[in-house]
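To start, the structure under review is shown below, and the notes come after it.
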Amino acid sequence: MVSHRDRYPSVRPSHLNCMSDKRQRARVQGSWAKPGAKPASSVAGRQPTPGSWNAGPRTYEFHQPADPVRVIPVEKAIEEAGDYEISKGPTGVSRLRLLPGFLPLEEADWMFATLLAELPWSQKTNYGTMGEAYDEPRLTCWYGELPYTYSHSTMQANPQWHPVLITLRQAIEQETSHTFNSLLCNLYRDGKDSIAWHSDDEASLGPHPSIASLSLGDTRVFSLRKKPPLEEKGDYTYAEKLRIPLSHGTLLIMEGCTQEDWQHQVAKEYHDRGPRINLTFRTIYPEPHPSRR
């Protein structure tokens, strides 16, 4: 009788073979023996994937950018007395005249103290485009035969000019060869008081208004930036910028297309500043009444 093992001598379960191999390695090499290394897969003839780390050297082709590289202009400073043509374009010429020391020091000191104490300073409430109310971060008062409206808020007519203001208006008219019938007075109490970017281009000021700005008190920086073309969509990143430190007794005249082509501001300053009075002489016209429908 033939036994099962004799009938099938080569048949043995695979898991028994595996266990036998492990026991044999343990006897020969000790319990620290590691499994045999797996055979390395052949990479002969494999083509590198384009863009992978082993794809070999690559070449790059330079393409000129579609838009030219633009440089942000450096802010320029105007500090010396003189006449400055700051821009010229389709609308016309924008000009500034700077006269440091227009008033002698002692006279400027006396006028500053008098106006600071005697003018009817108050804080004006303005309204935003959505009707929200906010207080101006400075004090103001108005002189003129007509009211003046800006930022959706009106300052009523005040024909009773202070005698010091009448004297100053006559001196400035003689210096500039302009006539002025109104005056907006600004009091910056400290470095936190300011006026934001804007142009004095209300319809009541007429086309190409000339504005004479007299500074009394502590020095503040008067900044200007050129209005961008329409295709810039109000982006001032690449706009020309100017800065003018306005010291005690300095007169600045803005003429030509300055209000049409430029904006100006007096920014907040985060260090100690004393009070400053700014007197802006201008000519105002009656505003046309809206038509009734």
Side-chain angles (χ1 to χ4, degrees), residues 83-84 86-87 91-99 102-103 111-112 115 119-122 124 126 136 138-188 193-217 220 222-224 227 242 244 246 249-266 276-288:
D83 296 345
Y84 298 87
I86 58 175
S87 67
T91 55
V93 178
S94 300
R95 294 184 302 273
L96 300 176
R97 295 177 60 191
L98 182 63
L99 298 172
F102 173 72
L103 294 178
M111 288 185 171
F112 172 73
L115 298 177
L119 294 190
W121 302 108
S122 65
K124 181 172 178 279
N126 294 336
E136 285 186 329
R138 62 191 179 281
L139 303 183
T140 58
C141 57
W142 171 254
Y143 290 91
E145 299 286 342
L146 297 170
Y148 181 42
T149 299
Y150 68 92
S151 298
H152 309 284
S153 176
T154 299
M155 306 182 79
Q156 297 303 319
N158 178 17
Q160 304 300 318
W161 287 64
H162 190 285
V164 171
L165 299 179
I166 294 175
T167 300
L168 287 172
R169 183 180 68 180
Q170 293 171 346
I172 291 173
E173 287 178 340
Q174 183 177 358
E175 174 67 36
T176 63
S177 299
H178 294 298
T179 57
F180 303 104
N181 65 5
S182 54
L183 168 64
L184 177 62
C185 308
N186 297 280
L187 172 58
Y188 300 85
D193 277 359
S194 62
I195 186 168
W197 288 112
H198 71 286
S199 299
D200 295 321
D201 55 0
E202 292 80 15
S204 61
L205 296 175
H208 310 316
S210 296
I211 296 178
S213 171
L214 179 66
S215 295
L216 298 169
R220 294 292 293 270
F222 183 78
S223 302
L224 296 101
K227 296 179 182 178
L242 303 172
I244 308 173
L246 296 179
T250 295
L251 179 64
L252 174 70
I253 303 101
M254 296 179 281
E255 298 175 311
C257 297
T258 303
Q259 304 305 323
E260 186 172 357
D261 290 346
W262 293 74
Q263 288 187 333
H264 54 270
Q265 72 161 356
V266 176
R276 170 187 180 252
I277 292 175
N278 176 231
L279 306 175
T280 55
F281 294 86
R282 56 193 70 200
T283 299
I284 194 168
Y285 303 92
E287 294 191 49

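Treat the numbers as computed from the prediction; the structure is a model and nothing was measured.
- Remark: side-chain polar atoms of His264 are not paired, donor with acceptor, to backbone N or O of Trp197 under 3.5 angstrom.
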Quiz prompt | Test side chain to side chain contact (heavy atoms under 4.5 Å, CB included) applied to Leu224 and Leu96, step by step | solution = CA-CA 11 Å; Leu224 296 101; Leu96 300 176; 4.3 Å; yes

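- Within the 3.5 Å criterion, the main-chain N or O of Ile284 finds a donor-acceptor partner in the side chain of Asn181.
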Practice problem: Apply side chain to side chain contact (heavy atoms under 4.5 Å, CB included) to the pair Arg95 and Asp83, showing each step before the final yes or no. | Solution: CA-CA 7 Å; Arg95 294 184 302 273; Asp83 296 345; over 6 Å; no

Practice problem: Carefully, step by step, assess Leu216 and Leu103 under the rule side chain to side chain contact (heavy atoms under 4.5 Å, CB included). | Solution: CA-CA 9 Å; Leu216 298 169; Leu103 294 178; 3.9 Å; yes

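- Rounded to the nearest 0.5 Å, atoms CG (Asp193) and CZ (Arg220) are 7.5 Å apart.
- In this structure, CZ in Arg138 is found 14.5 Å from CD1 in Ile277, a value given to the nearest 0.5 Å.
- Between Lys124 and Ser153, the shortest heavy-atom distance links the atoms NZ-CB, 3.3 Å.
- Summarising the geometry of Gln259 relative to Pro209, their closest heavy-atom pair is CG-CG, 3.8 Å, with the distance given to 0.1 Å.
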Practice problem: Apply the test side chain to side chain contact (heavy atoms under 4.5 Å, CB included) to residues Ser94 and Trp262: give CA-CA distance (whole Å), side-chain angles for both, the deciding distance (0.1 Å), then the verdict. | Solution: CA-CA 8 Å; Ser94 300; Trp262 293 74; 3.7 Å; yes

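- Thr250 places none of its side-chain heavy atoms less than 4.5 Å from the side chain of Ile244.
- Listed by first and then second residue, the side chain to side chain donor-acceptor pair (under 3.5 Å) pairs involving residues 155-168 are Glu118-His162 (not counting sequence neighbours).
- Taking 4.5 Å as the limit, some side-chain heavy atom of Leu246 sits within range of a side-chain heavy atom of Leu98.
- Using modelled atom types and a 3.5 Å distance limit, the side chains of Asp261 and Thr91 yield a donor-acceptor pair.
- Atom CD1 of residue Ile253 and atom OG of residue Ser213 lie 9.0 Å apart, to the nearest 0.5 angstrom.
- A donor-acceptor pair is defined here as one N or O able to donate and one able to accept, closer than 3.5 Å; no such pair exists between the side chain of Thr154 and the backbone of Thr149.
- With rounding to the nearest 0.5 angstrom, the OG atom of Ser204 is 8.5 Å from the CG atom of Leu146.
- You'll find the side chain of Met254 reaches within 4.5 Å of the side chain of Phe222, heavy atoms only.
- Among all heavy-atom pairs drawn from Val266 and Tyr188, the shortest one is CG2-OH, 4.0 Å.
- Shown here for Gly92 and Cys257, the closest heavy-atom pair between the two residues is CA-SG, 3.5 Å.
- In terms of heavy atoms, Phe180 sits closest to Ser210 at CE2-O, 3.5 Å.
- A side-chain N or O of Thr280 and one of Arg282 form a donor-acceptor pair less than 3.5 Å apart.
- Residues Phe281 and Glu173 are not in side-chain contact: their nearest non-hydrogen atoms beyond the backbone lie 4.5 Å or more apart.
- Within the model, atoms CZ of Phe102 and CZ of Arg97 stand 10.0 Å from one another, a figure rounded to the nearest 0.5 Å.
- Note that CD of Gln263 and OG of Ser223 are 12.0 Å apart. Values are rounded to the nearest 0.5 Å.
- A distance-only check finds no donor-acceptor pair linking the side chain of Ser199 to the backbone of Asp201 [under 3.5 Å].
- Nearest approach of Trp142 to Leu183, heavy atoms of both residues: CE3-O, 3.2 Å.
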